[in-house]
J.: 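I have a structure I would like to understand better, so I am pasting it below and will then ask my questions one at a time.
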Number of protein chains: 2
Amino acid sequence: MTAASIAKDLRAAIRSGTYTPGDRLPSEAALMATYGVARMTARHGLSMLKDEGLTVTRHGSGVFVRAFEPIIRDTTGAPADDSTVTAEIDETGAGLTVRTLAVTAEADAPEKVRTALGLAEGDKVTVRERLHLRERKPVLFATSYLPASIAAGTPIAERDVGQGGTHARLADAGHAPVRFREDVVARMPSIEEIEELRIEPGTPVLAVTRTAFAADGTPVELSHVVLDAGEFMLRYDID
Amino acid sequence: MTAASIAKDLRAAIRSGTYTPGDRLPSEAALMATYGVARMTARHGLSMLKDEGLTVTRHGSGVFVRAFEPIIRDTTGAPADDSTVTAEIDETGAGLTVRTLAVTAEADAPEKVRTALGLAEGDKVTVRERLHLRERKPVLFATSYLPASIAAGTPIAERDVGQGGTHARLADAGHAPVRFREDVVARMPSIEEIEELRIEPGTPVLAVTRTAFAADGTPVELSHVVLDAGEFMLRYDID
DNA sequence: TAGTGGTCTAGACCACGTT
DNA sequence: ACGTGGTCTAGACCACTAT
């Protein structure tokens, strides 16, 4: 029970404010001495806090109490920029930049994408991938799929979609999105996501699947968005 | 690098379908033999998968690949039962039951609650706590705060709020909620939440802060909802 | 260079489940 | 009884960070 009790003590100390965000916790050696345990036991106690997302470790330097200052991603039925997501984040999350990673005019659609967009087998999709960064750190990764029958040959299939973003271009093409569905799940990140978003151990991701529908009810865009949960709060206003 | 490579191999095997949800992974002893490593190393490899939420361990029985069959919590601007949350979950999540844990007619309000509800210092709140279970397993814990000036003396301060739930009673009192704001965050659970919701290691929680506003814009209810992310998907329909 | 965390070994005892 | 995971020890070597 010693590793657990070390974690318990430190956790209580963090909650009570003995250690505040940014503070360094006692070193492994210090814990070994105070609790009279082996190193692996002290480590295990500390690792529990890390798994809870309470601390971050810095190799060679120490274990530190973690902070949470979320970017608010506001998803009201709202006017759009590159995508609704981008526009709204820019309002609240100062210092956010967007990097378009790849745009493919015509690609094969994974089965789930095809189903969600109501496409037939063999139908192509336009794929846009982008990354959002907060002060150099990647915090959000998004992949958008649009039917190539709509998007190919328009600025949507270009790197620069122009003023108003994909939604404005969809409107230009007579497919203005008017209704959205967002499905939100939280889970631990995959290895790829840990690397891509440089996610701290003990931090989950929010995975948002967003479907945009035109006035006639046809889906015109499917987006998979993965957000570092250590960086974001999702806000929904519902009438 | 061995613990990491064991995790890598097993992860790949799970992704490729060699092990499907419910399957048992090789035991620690088996991994020690195949990889020629010490037990702690094999354990560490397995613990990585657990931390990623890919597996669950059953003491004395083995390590198993995990499944995800989410309950869809649909939060459209919707008619309300006990609370909107409850009503909507019942539609989709078969076998969900609600247990009202505690109802306090008049309690002191934590500062954050007071601010969110626009109350003055010393103002009291009515507090309702409830737990949702899926087949005996608790999956959601919710605490609702309402201004006691509105709720005390009404069925809202009783265990049984009656047909239509708190929202119907608020409407009866002339404070029908018409607008909602939901702030969604994902994080690792606290120890209390792990115990209360019996959350598997490697599973985050979704923490939803929901504010209900009456037609005149005054907040009439603040709810803190914690959901086991291994059990839920949040759905938002936006116009 | 000294102190920090990261990884691994080899062995022990305990607690839980299945047979 | 046996095999499973859970915990702990005591010691080693490595990699990173500060001074």
Side-chain angles (χ1 to χ4, degrees), chain A residues 1-11 13-14 19 21-66 191 194-195 198-203, chain B residues 1-11 13-14 19 21-66 137 189 191 194-195 198-203:
Chain A
M1 271 293 295
T2 357
S5 58
I6 292 174
K8 192 177 160 191
D9 289 353
L10 293 175
R11 196 182 295 118
I14 292 171
Y19 301 105
D23 284 1
R24 217 196 73 178
L25 295 187
S27 72
E28 295 175 356
L31 293 174
M32 288 168 72
T34 10
Y35 288 89
V37 295
R39 186 164 166 225
M40 287 305 294
T41 307
R43 272 183 72 71
H44 191 198
L46 287 169
S47 88
M48 289 180 186
L49 301 180
K50 181 161 66 171
D51 290 345
E52 292 165 21
L54 280 178
T55 59
V56 289
T57 58
R58 288 207 275 275
H59 193 169
S61 148
V63 178
F64 299 83
V65 180
R66 184 168 179 170
I191 295 296
I194 288 175
E195 288 167 1
R198 299 216 303 272
I199 289 177
E200 298 285 353
T203 309
Chain B
M1 272 293 293
T2 359
S5 57
I6 292 174
K8 193 177 160 194
D9 289 354
L10 293 175
R11 196 182 296 118
I14 291 172
Y19 302 104
D23 284 1
R24 216 196 77 179
L25 295 187
S27 71
E28 294 174 356
L31 293 174
M32 289 167 72
T34 6
Y35 288 88
V37 295
R39 186 162 168 229
M40 286 305 294
T41 308
R43 273 184 70 73
H44 191 197
L46 286 169
S47 88
M48 289 179 187
L49 301 181
K50 180 161 66 172
D51 290 345
E52 292 165 21
L54 281 178
T55 59
V56 290
T57 58
R58 288 207 275 276
H59 193 169
S61 146
V63 178
F64 299 84
V65 180
R66 182 167 183 171
K137 188 208 167 292
I191 294 297
I194 288 175
E195 288 166 0
R198 298 216 303 276
I199 290 176
E200 298 284 353
T203 309

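In what follows, every chain begins at residue 1, and chains take the letters A, B, ... in the order their sequences are listed.
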J.: Hey, does L10(B) have a side-chain heavy atom less than 4.5 Å from the side chain of V63(B)?
T.: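 No - every pair of side-chain heavy atoms lies 4.5 Å or more apart.
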
J.: Do T41(B) and Y35(B) have side chains that approach each other closer than 4.5 Å (heavy atoms only, starting at C-beta)?
T.: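 With C-beta onward as the side chain, the pair stays apart.
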
J.: Establish, with yes or no, whether the OP1 or OP2 oxygen of dT7(D) is under 4.0 angstrom from a side-chain nitrogen or oxygen of T2(A).
T.: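 Answer no for this pair, as no side-chain N or O of T2(A) is under 4.0 Å from OP1 or OP2.
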
J.: Looking at R58(A), I'd like to know whether one of its side-chain N or O atoms comes within less than 4.0 Å of OP1 or OP2 on dT4(C).
T.: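 No, outside the criterion.
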
J.: Rounding to a whole Å, what distance do you find between H44(B):NE2 and dC8(D):P?
T.: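 Taking atom P of dC8(D) as the reference, NE2 of H44(B) is at 16 Å.
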
J.: Please give me the minimum heavy-atom distance between R11(A) and L54(A), naming the atom from each residue.
T.: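 Residues R11(A) and L54(A), closest heavy atoms: CG-CD1, 3.7 Å.
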
J.: Hey, does the side chain of T57(B) come within less than 4.0 Å of dT4(D)'s phosphate (OP1/OP2), counting only N and O?
T.: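 So the side-chain polar atoms of T57(B) never come under 4.0 Å of the phosphate oxygens OP1 or OP2 of dT4(D).
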
J.: What is the per-nucleotide protein-contact pattern of nucleotides 12-19 of chain C, from the 5' end, where B denotes a base atom under 4.0 Å from a protein heavy atom, S denotes such proximity for sugar-phosphate atoms only, and - denotes neither?
T.: B--BBS--

J.: Are any of the side-chain heavy atoms of V65(B) and L25(B) separated by less than 4.5 Å?
T.: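 Heavy-atom side-chain distance check passes, below 4.5 Å.
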
J.: Between L49(A) (CG) and dG5(C) (C1'), how many Å, whole number?
T.: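 Answer to the nearest Å: 15 Å.
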
J.: Please report, rounded to the nearest Å, how far the C1' atom of dT9(D) is from the CD1 atom of I6(A).
T.: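 Atom-to-atom, I6(A) to dT9(D), this comes out as 13 Å.
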
J.: Rounded to whole Å, how long is the line connecting atom CG of L46(A) with atom C1' of dT7(D)?
T.: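 Rounding to the nearest Å, CG of L46(A) and C1' of dT7(D) are 16 Å apart.
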
J.: Find the distance R43(B):CZ to dC8(D):C1' and express it as a whole number of Å.
T.: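 Nearest whole value for this atom pair: 11 Å.
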
J.: Among residues 21-33 of chain B, which contact DNA chain D at a heavy-atom distance under 4.0 Å?
T.: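 Only S27(B), E28(B) qualify.
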
J.: Given atom CE of M40(A) and atom C1' of dG6(D), what is their separation to the nearest angstrom?
T.: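 Atom CE in M40(A) sits about 13 Å away from atom C1' in dG6(D).
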
J.: Would E200(B) and R66(B) pass as an ion pair if we require N to O under 4.0 Å?
T.: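 No, this pair does not count.
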
J.: If you look at every heavy atom in R24(A) and F64(A), which pair is closest and at what distance?
T.: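 R24(A) and F64(A) have their closest heavy atoms at CG-CE2, 3.3 Å.
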
J.: Can you name the closest pair of heavy atoms from G45(A) and A7(A) and give their distance?
T.: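 Shortest heavy-atom contact: O-CB, 3.6 Å.
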
J.: Any side-chain N or O of T41(B) below 4.0 angstrom from OP1/OP2 of dT7(C)?
T.: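 For T41(B), the contact criterion (side-chain N or O under 4.0 Å from OP1 or OP2 of dT7(C)) is not met.
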
J.: So which atom in V37(B) and which in A42(B) form the shortest heavy-atom distance, rounded to 0.1 Å?
T.: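 The answer is CG2-N, 4.0 Å.
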
J.: Got M48(B) and H44(B) here, is their nearest side-chain heavy-atom distance under 4.5 Å?
T.: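 The answer is yes; the side chains approach within 4.5 Å.
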
